[in-house]
Amino acid sequence: MTARDVDSSGRPGRRVTAAELGQGFDARMIAATGVMIAVVFVMTRVFQPSIGPGGYIHLGDIGIYVAAFVFGPLVGLIAAAFGTSLADLQSGYGAWAPGTFVIHGLQGLVAGLIAWRGGLPRLIAAVVAGGAIVVIGYFLYMLIFIPAGVLDADEGESAAATALAAVWPNTFQVLAAAVIAVPLVLALRAAYPPIRRWGAGPSWVEE
């Protein structure tokens, strides 16, 4: 199975470079970015079961994947970074905001680079990569910053134990988001096919 690029008219086109990803970022895409920041913020803020000193789990990853897969890596990056970190700041988890900005921003960027306009195999690869960024990223963030006093671990609990305890909840979070987001994105594409041609970048055709 190979992939080739098609242009906005559906004809075979050349591969678009990273430098060209921002081209075509028009008013429509700016509006989409603003909407997706709000969507990610609300989905992160509205459901926040605590996992103790490891923070909380949320539904924001669903919005991140929708933004990245439907609108591309730049929208995924911006919506993920700002939507989730603003939710941290607004809900009393300000110590998490710097790590959240970077970790979820990378999640949205990488997921979009892998699967923007891609078929099911690329969507699956993207949620695996994005999920790994979240789980590993937060593990390292807790491991580094809990000893520095940025985060408060339970009395008598080491930073490593706190970080390890958060691995399974974070894994559940990203798996649940993948199970929901992939069918949702495929349904959105089927319901409104022109959305696959918004902005710049490649459209993947599986052969």
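Quick note: numbers below take in every heavy atom, side chains included, and nothing from hydrogens, waters or symmetry partners.
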[X], [Y]: one ILVMFWY side-chain cluster at the under-4.5 Å cut-off?
X	Y	result
Leu106	Val40	no
Ile103	Val110	yes
Val46	Leu184	yes
Leu164	Ile133	yes
Val182	Leu175	no

Supply the atom-to-atom distance [X] [atom1] to [Y] [atom2], rounded to the nearest 0.5 angstrom.
X	Y	atom1	atom2	result
Leu109	Leu74	CG	CG	7.5 Å
Ile30	Arg28	CD1	CZ	12.0 Å
Leu86	Phe101	CG	CZ	9.0 Å
Ile78	Ile37	CD1	CD1	6.5 Å

Can you find a pair of side-chain heavy atoms, one from [X] and one from [Y], that are under 4.5 Å apart?
X	Y	value
Val127	Val174	no
Leu186	Leu120	yes
Arg117	Phe69	no
Ile64	Thr84	yes
Ile180	Tyr65	no

Give the minimum heavy-atom separation between [X] and [Y], together with the two atoms involved.
X	Y	result
Asp61	Ala177	CB-CB, 3.4 Å
His104	His58	NE2-NE2, 3.6 Å
Tyr56	Ser91	OH-OG, 4.3 Å
Ser85	Ala97	CB-O, 3.7 Å
Leu123	Gly118	CG-O, 4.1 Å
Ala129	Ile114	CB-CD1, 3.7 Å

Would Thr100 and Tyr138 count as having a side-chain donor-acceptor pair, cut-off 3.5 Å?
yes
Check the surroundings of atom CZ in Phe82: do more than 12 heavy atoms from other residues, nucleotides or ligands lie under 6.0 Å from it?
no
Take atom CD1 in Ile136; do more than 12 heavy atoms of anything else shown fall under 6.0 Å from it?
no
Name the orientation class of the two ring planes belonging to Trp96 and Tyr141 (parallel below 30°, tilted from 30 to 60°, perpendicular beyond 60°).
tilted
Show me the pairs that pass side-chain hydrogen bond (donor to acceptor under 3.5 Å, both in side chains) and involve residues 34-47, at least two apart or across chains.
Arg45-Gln48, Arg45-Gln90
